[in-house]
Amino acid sequence: MKLAAAELAARHPDVPSLQAHRYAAGLSQDQAAVRYNEVTGNQTSLGGTTINAWETWARSRGQGSPPSISALLILCAAYGRGPLGVADENISPIELIAEAYERLGAEDQLALKQYTVDRRPATDASRNTTVTPVRIASSHKAPAQVGPEFTLTVPTVEHGNPDICVFSLPNPQPGQLLDLTWDTFGYGVERLSLQIKNLGRRLDADICFGINEAGLVMATFLASSRFSRCPIGYLRCNKVRDGIELDVNSFYPEAAEASTIIICDFEVKHADVIGYIARQLRTRYPKAELYFAVFGAMTKDRNLEVSGFDDLTGAKIMRAANFEAIFIAATMSPPGIEPPLELR
């Protein structure tokens with residue numbers, strides 16, 4: 001149901017996540033209210049008008065009224081039962097109000113953050129080992145190339161969710177580029193899509209730019225799955241003596257002055273490619289908000305499960321680019337990774 005709700009919200013930007021989950025559960029507003037009361041053991045007498053008020057609030061500013069944290073938890077249980085009322089899907093309250101999170105009161109935002117932290121796997125002190133984290137919901141199993149997953153705190157929007165689930169890409173042949181399979185490549189793009197979904201608010205893009213061909217493939221999938229088929233731009237980088245320059249065959253879609261732009265790149269290493277790109281786009285699109293989605297980020301040492309964002313070789317470069325938020329699918333070791341069919 002979570003996947004169905006995400007698809008509904010992606011295809012119909014006017015439908016908030018709260019309403020999309022109700023649709024996925026196959027319930028009218030009155031039926032949702034009945035389900036809500038059933039979850040509480042009929043100790044409440046909620047009506048369909050309250051469900052409508054909550055969804056109206058999630059849809060637009062200044063209208064309706066927000067649900068309380070306790071109400072969100074009950075709705076998670078209610079919609080998690082599915083159309084027939086017999087399922088048991090675990091729905092997070094953050095997912096339920098993804099695009100409206102920042103409109104909650106400060107106390108409620110803190111409460112939801114703490115709720116998320118409290119539900120993370122903890123260290124098992126008795127064995128002095130860390131419990132393996134539960135994988136993010138995915139449409140398929142992790143490919144063989146994918147290593148352990150871990151939580152990484154990254155720069156993000158104000159009141160946004162800074163914790164993303166990243167997977168590692170162990171290299172069985174150190175010193176050589178790791179050739180990715182199509183399955184691994186698709187898994188990483190799916191991971192970026194899930195991170196964007198769980199930003200803490202709905203992210204609507206005006207343009208999704210891809211850097212070179214690998215980034216263009218990523219931008220195409222993300223624009224379709226997460227950004228309602230927004231315009232796609234293409235940034236072709238040519239190497240020159242002192243760095244890189246943008247090819248004249250790059251493509252820049254038209255957009256409003258204060259636009260929201262997603263930049264997709266295959267990997268971040270030592271070179272300040274993304275900083276150069278960010279400066280060029282800010283010149284062409286004044287006052288634009290820039291977000292960065294990268295497949296692979298190189299680590300400073302052999303430990304791919306880094307403890308912090310600054311343990312990435314490109315951390316200083318990404319911070320200096322002043323992105324609104326950063327999304328990273330995987331960590332990698334030198335010399336890096338190679339996309340399928342050697343896309344450039």
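Cys264 and Cys208 make their closest contact through SG-SG, 3.8 Å (heavy atoms, listed as atom of the first residue, atom of the second, distance). Pairing each heavy atom of Asp179 with each of Glu338, the nearest pair is OD1-CB, 3.3 Å. The two residues Leu222 and Val189 make their nearest non-hydrogen contact at CD2-O, 3.9 Å. Of all heavy-atom pairs spanning Ile261 and Ala288, the tightest one is CD1-CB, 4.0 Å. Taking every heavy atom of both residues into account, Leu246 and Cys237 meet most closely at CD2-SG, 3.9 Å. Nearest heavy atoms, Ala24 versus Met1: CB-O, 3.6 Å.
Between Tyr187 and Phe167, the ring planes lie tilted relative to each other; the angle falls in the 30° to 60° range. A tilted orientation is assigned to the rings of Phe185 and Phe266, their planes being inclined by 30° to 60°.
Inter-residue side-chain proximity for Ile337 and Thr184 is flagged as unmet; no heavy-atom pair is nearer than 4.5 Å. You'll find the side chain of Ser168 reaches within 4.5 Å of the side chain of Thr331, heavy atoms only. Side-chain contact check for Trp57 versus Pro16: every heavy-atom pair is 4.5 Å or farther apart. Contact of the Ile91 side chain with the Leu96 side chain is registered, since non-hydrogen atoms from C-beta on lie closer than 4.5 Å. Side-chain contact between Ile69 and Pro93 is absent, with no heavy-atom pair separated by less than 4.5 Å. Counting heavy atoms from C-beta on, the side chains of Asp265 and Ile263 never come closer than 4.5 Å. With a 4.5 Å cut-off on side-chain heavy atoms, Ile277 and Phe209 do not count as touching. Residues Phe150 and Ser307 form no side-chain contact, since every pair of their non-hydrogen atoms from C-beta on lies 4.5 Å or further apart.
Remark: side-chain polar atoms of Ser333 are not paired, donor with acceptor, to backbone N or O of Arg302 under 3.5 angstrom. No donor-acceptor distance shorter than 3.5 angstrom exists from the side chain of Asn212 to the backbone of Ala214, with no hydrogens or angles considered. Gln145 places a side-chain N or O within donor-acceptor distance of the main-chain N or O of Thr181, the cut-off being under 3.5 Å. Using a distance-only test at 3.5 Å, with no hydrogens or angles considered, a donor-acceptor pair links the side chain of Asn37 to the main chain of Leu46. Distance alone, capped at 3.5 Å, places no donor-acceptor pair between the Arg201 side chain and the Gly160 backbone. Asn198 places a side-chain N or O within donor-acceptor distance of the main-chain N or O of Leu194, the cut-off being under 3.5 Å. At least one donor-acceptor pair closer than 3.5 Å links the side chain of Ser250 to the backbone N or O of Arg236. Side chain of Asp311 to main chain of Gly308: a donor-acceptor pair is present (N/O by atom type, distance under 3.5 Å, no hydrogens or angles). Checked by atom type and distance alone, the side chain of Ser92 pairs as donor or acceptor with a backbone atom of Ile94 at under 3.5 Å. Checked by atom type and distance alone, the side chain of Lys2 pairs as donor or acceptor with a backbone atom of Asn90 at under 3.5 Å.
One hydrophobic cluster, built from ILVMFWY side chains closer than 4.5 Å, holds both Leu235 and Ile317. Leu192 and Leu216 fall into different hydrophobic clusters, where Ile, Leu, Val, Met, Phe, Trp and Tyr are joined by side-chain heavy atoms under 4.5 Å apart, directly or via other members. Note on Tyr285 and Phe251: separate hydrophobic clusters, where clusters join Ile, Leu, Val, Met, Phe, Trp and Tyr whose side-chain heavy atoms are under 4.5 Å apart, directly or indirectly. Both Leu72 and Val39 belong to a single network of hydrophobic side chains, linked directly or stepwise wherever heavy atoms of I, L, V, M, F, W or Y lie under 4.5 Å apart. Tracing side-chain contacts under 4.5 Å through hydrophobic residues (I, L, V, M, F, W, Y), one never reaches Leu203 starting from Ile232; they form parts of separate clusters.
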For Gln31 and Arg22, what are the C-alpha separation, side-chain angles and deciding distance, and is it a side-chain contact (heavy atoms from CB on, under 4.5 Å)? CA-CA 10 Å; Gln31 290 171 331; Arg22 175 172 62 82; over 6 Å; no

Test side-chain contact (heavy atoms from CB on, under 4.5 Å) on Tyr276 and Glu245 and set out the steps. CA-CA 9 Å; Tyr276 170 79; Glu245 64 179 10; 4.1 Å; yes

Kindly indicate, with the supporting measurements, whether the criterion side-chain contact (heavy atoms from CB on, under 4.5 Å) is fulfilled by His12 and Gln19. CA-CA 11 Å; His12 305 282; Gln19 185 175 355; over 6 Å; no

Derivation of the side-chain contact (heavy atoms from CB on, under 4.5 Å) call for Phe309 and Arg319: CA-CA 10 Å; Phe309 181 74; Arg319 287 191 188 277; 3.5 Å; yes

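Other residues, nucleotides and ligands place no more than 12 heavy atoms under 6.0 Å from the CZ atom of Arg11. Around CD of Glu158, the count of heavy atoms belonging to other residues, nucleotides or ligands within 6.0 Å does not exceed 12. Surrounding OH of Tyr291 are more than 12 heavy atoms belonging to other residues, nucleotides or ligands, all under 6.0 Å away. The number of heavy-atom neighbours closer than 6.0 Å to CZ of Arg279, taken from other residues, nucleotides and ligands shown, is above 12. Environment of NZ in Lys316: sparse, with no more than 12 heavy atoms of neighbouring residues, nucleotides or ligands closer than 6.0 Å.
Separating the CD atom in Glu38 from the CZ atom in Arg81 is a distance of 6.5 Å, to the nearest 0.5 Å. Atom CZ in Arg202 sits 8.5 Å away from atom CZ in Arg226 (nearest 0.5 Å). The CG atom of Leu304 lies 10.5 Å from the CE atom of Met298; values are rounded to the nearest 0.5 Å. Annotation: the span from Thr313 atom OG1 to His270 atom NE2 amounts to 4.5 Å, rounded to 0.5 Å. Annotation: the span from Asn42 atom CG to Tyr36 atom OH amounts to 12.5 Å, rounded to 0.5 Å. Separating the CD1 atom in Ile211 from the CD1 atom in Ile244 is a distance of 7.5 Å, to the nearest 0.5 Å.
Relative to the ring axis of Tyr252, Arg284 places its NZ or CZ within 45° and under 6.0 Å from the centre.
Exactly one of Val154, Ile262, Val268 qualifies for a side-chain contact (heavy atoms from CB on, under 4.5 Å) with Phe292. That residue is Val268. Residue Ile51 forms a side-chain contact (heavy atoms from CB on, under 4.5 Å) with just one option from Asp30, Thr56, Leu75, and that option is Leu75.
For the residue pair Asp301 and Asn303, no side-chain donor N or O sits within less than 3.5 Å of a side-chain acceptor on the partner.
Other residues sharing a hydrophobic cluster with Val248 under the 4.5 Å side-chain heavy-atom criterion for ILVMFWY residues do not exist; the residue is a singleton.
Residues passing the side chain to side chain donor-acceptor pair (under 3.5 Å) test with Thr153 are Asp163, sequence neighbours excluded.
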